[in-house]
Structures are given as structure tokens and as C-alpha cells.
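Worksheet: the structure to be examined is printed underneath.
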Amino acid sequence: MTDEIRRNMALFPIGIVMKLTDLTARQIRYYEQHELVIPARTGGNQRLYSFNDVERLLEIKDLIEKGVNIAGIKQVLLPVDKDSEDATILNEQTEVKRRELSDTQLHRILKQQLLGGGRRPNQVSLIQGELSRFFRK
DNA sequence: ATTCTTACA
DNA sequence: TGTAAGAA
């Protein structure tokens, strides 16, 4: 799949990503500290983001706006392991893979609930509370 | 001109 | 999160 390569290809610097996502450099870097996105680096240590990274940041932005904290987002968005990012998993059809699959399904459901629009502002505070309970330990 | 890291009102 | 400082 050549398309995956294209999506995970690091292309733009943080300045472009800022305009694309309407996020501040501070926020973008902050989310990186929490491993919500792992951009590539140039020889000069400059961050380079891929289309996938940008889309991910948009999802994060969406959740933040809905009042979800970093802890909650970490549960909703599947963790990005430095490897499976650019090299798609065409190997390891193993045990671990099966367990992660069920986790993935769970994440999707949760993601749908949060991402699925149309929610009352009043319910935002509830989302915070609910999530903290769901993900507590 | 841009971006990076670190630190703090 | 914003912003400043000093170095790439």
C-alpha cells in the first residue's frame, strides 16, 4: 500500500501544522510530550509532521474542545508506537496482536461516543467525570 | 526567518 | 497554556 507510506511520510514543519490545525506550537509540542503524536525530526532537530500526524492532532483538538483531558485522550486514541507508525504491521499475526485487537475495538466505541457530534455543552463536564471513572486505573 | 529547549509571571 | 531567552 503506497498510500500508507504517503500518509506517514514526514513533510511539514510545525509552522505549517499550526495553520493546518489552528493549534499553537506550544500545544503541538505539549501533546508530543504526552506521546499523543510522535513527529519525525530533521538533521537539525526540526519536527516534521505527516498527514497522519496532522489528522491525529485534529482529533486531539476535537477531544480537547469537548473537554477531554490528556489522560482521557490517551485512552481514546490508540498509542502511537514509533515503529508501527511508518512501517505498517504486515507481520506479527501473533498473540499480542489479538489482545490489542479487542482493545482497538473498545477504543473505537469510545472514540465514536466522544467524536460523534451533537452533545449538549452541559454534558461536557459529565464527559470529564465519566472518562476519569472509566479509565481510573 | 523559523524552530528548539528550558523556565517562569 | 502563554511567553521570554538563548542557541541552532
Side-chain angles (χ1 to χ4, degrees):
Chain A
M1 42 179 82
T2 310
D3 196 57
E4 264 298 316
I5 296 178
R6 225 171 326 227
R7 292 174 183 237
N8 291 315
M9 179 159 49
L11 297 174
F12 11 75
I14 199 168
I16 300 298
V17 179
M18 288 174 69
K19 296 177 179 177
L20 258 36
T21 63
D22 282 302
L23 288 171
T24 65
R26 181 75 165 89
Q27 292 176 299
I28 297 173
R29 299 189 184 113
Y30 179 70
Y31 302 147
E32 178 183 349
Q33 288 194 296
H34 289 274
E35 303 177 279
L36 267 36
V37 284
I38 314 293
R41 296 280 184 147
T42 67
N45 198 40
Q46 303 286 95
R47 274 168 258 252
L48 285 186
Y49 299 82
S50 67
F51 280 98
N52 278 169
D53 291 330
V54 174
E55 288 176 19
R56 207 180 163 78
L57 283 170
L58 288 174
E59 293 185 284
I60 295 171
K61 181 194 175 193
D62 219 284
L63 292 170
I64 291 294
E65 294 177 331
K66 290 183 183 300
V68 182
N69 55 43
I70 300 296
I73 295 177
K74 283 184 180 179
Q75 313 302 312
V76 181
L77 267 26
L78 0 165
V80 269
D81 25 70
K82 197 61 173 66
D83 300 302
S84 68
E85 180 74 2
D86 20 53
T88 307
I89 317 87
L90 32 88
N91 42 36
E92 315 167 12
Q93 182 75 51
T94 62
E95 44 173 341
V96 182
K97 189 64 188 294
R98 197 171 68 77
R99 197 184 77 77
E100 290 191 323
L101 205 77
S102 56
D103 276 320
T104 298
Q105 300 176 345
L106 208 120
H107 284 310
R108 285 203 183 299
I109 298 174
L110 236 37
K111 192 171 174 182
Q112 287 174 198
Q113 295 183 350
L114 297 170
L115 255 29
R119 219 181 297 290
R120 290 176 291 276
N122 177 20
Q123 215 162 46
V124 176
S125 60
L126 287 177
I127 293 177
Q128 283 262 31
E130 286 300 303
L131 282 180
S132 59
R133 284 203 305 96
F134 274 124
F135 307 131
R136 178 160 300 168
K137 190 53 196 311

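Lettering of chains follows the sequences in order, A, B, ..., and the numbering in each one begins at 1.
- Considering CD1 of A/Ile64 and OH of A/Tyr31, their distance stands at 4.0 Å, rounded to 0.5 Å.
- When each of A/Gly44 and A/Gln27 is assigned the nucleotide of DNA chain C bearing its nearest heavy atom, the one mapping closer to the 5' terminus is A/Gln27.
- Rounding to the nearest 0.5 Å places CD1 of A/Ile38 at 9.5 Å from OH of A/Tyr49.
- Scanning both residues, A/Pro39 and A/Asp53, for their nearest heavy atoms gives CA-OD2, 4.0 Å.
- Contact annotation for A/Ile64: backbone-only contact, meaning every heavy-atom pair under 4.0 Å involves sugar-phosphate atoms and none involves a base.
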Solution key, residues 11-21 of chain A side-chain donor-acceptor pairs under 3.5 Å, sequence neighbours excluded:
unit_1	atom_1	unit_2	atom_2	d
A/Thr21	OG1	A/Val17	O	2.8
A/Thr21	OG1	A/Leu23	N	3.3

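- A/Arg29 is linked by a salt bridge (charged side-chain N to carboxylate O under 4.0 Å, His left out) to nothing, counting only residues two or more places apart in sequence or in another chain.
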Next item on the list: Could you walk me through whether A/Tyr30 and A/Ile70 pass side-chain contact (heavy atoms from CB on, under 4.5 Å), step by step?
Entry: CA-CA 10 Å; A/Tyr30 179 70; A/Ile70 300 296; 3.9 Å; yes
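- For DNA chain B, the residues of residues 13-22 of chain A within the heavy-atom distance limit of 4.0 Å (strictly under) are A/Pro13, A/Ile14, A/Gly15, sorted by number.
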Writing each nucleotide of DNA chain C 5' to 3' as (, ), [, ], | or . by Watson-Crick or G-U pairing under 3.5 Å yields .|||||||
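- When every heavy atom of A/Val37 is checked against every heavy atom of A/Ile60, the shortest pair comes out as CG1-CD1, 4.1 Å.
- Interface limits on DNA chain C: the 5'-most and 3'-most nucleotides within less than 4.0 Å of chain A heavy atoms are C/dT1 to C/dT3.
- Applying the side chain to side chain donor-acceptor pair (under 3.5 Å) rule to A/Glu32 yields the partners A/Arg41, A/Arg47; only residues at least two apart in sequence or on another chain are considered.
- For the atom pair CG of A/Leu63 and NZ of A/Lys74, the computed distance is 14.0 Å after rounding to the nearest 0.5 Å.
- Annotation: side chain to side chain contact (heavy atoms under 4.5 Å, CB included) contacts of A/Thr2 (sequence neighbours excluded): A/Arg6.
- Not counting sequence neighbours, the partners of A/Gln46 by the side chain to side chain contact (heavy atoms under 4.5 Å, CB included) test are A/Thr42.
- Put simply, the side chain of A/Asp62 never gets that close to the backbone of A/Glu59: no donor and acceptor are under 3.5 Å apart.
- Using a 4.5 Å cut-off between side-chain heavy atoms of Ile, Leu, Val, Met, Phe, Trp and Tyr, with links allowed through other members, A/Leu58 and A/Leu48 fall into different hydrophobic clusters.
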Can you name the atoms? Protein N/O to nucleotides 5-7 of chain B N/O, anything below 3.5 Å, with the distance.
unit_1	atom_1	unit_2	atom_2	d
B/dT5	OP1	A/Arg41	NH1	3.1
B/dT5	OP1	A/Arg41	NH2	3.2
B/dT5	OP2	A/Arg47	NH2	2.0

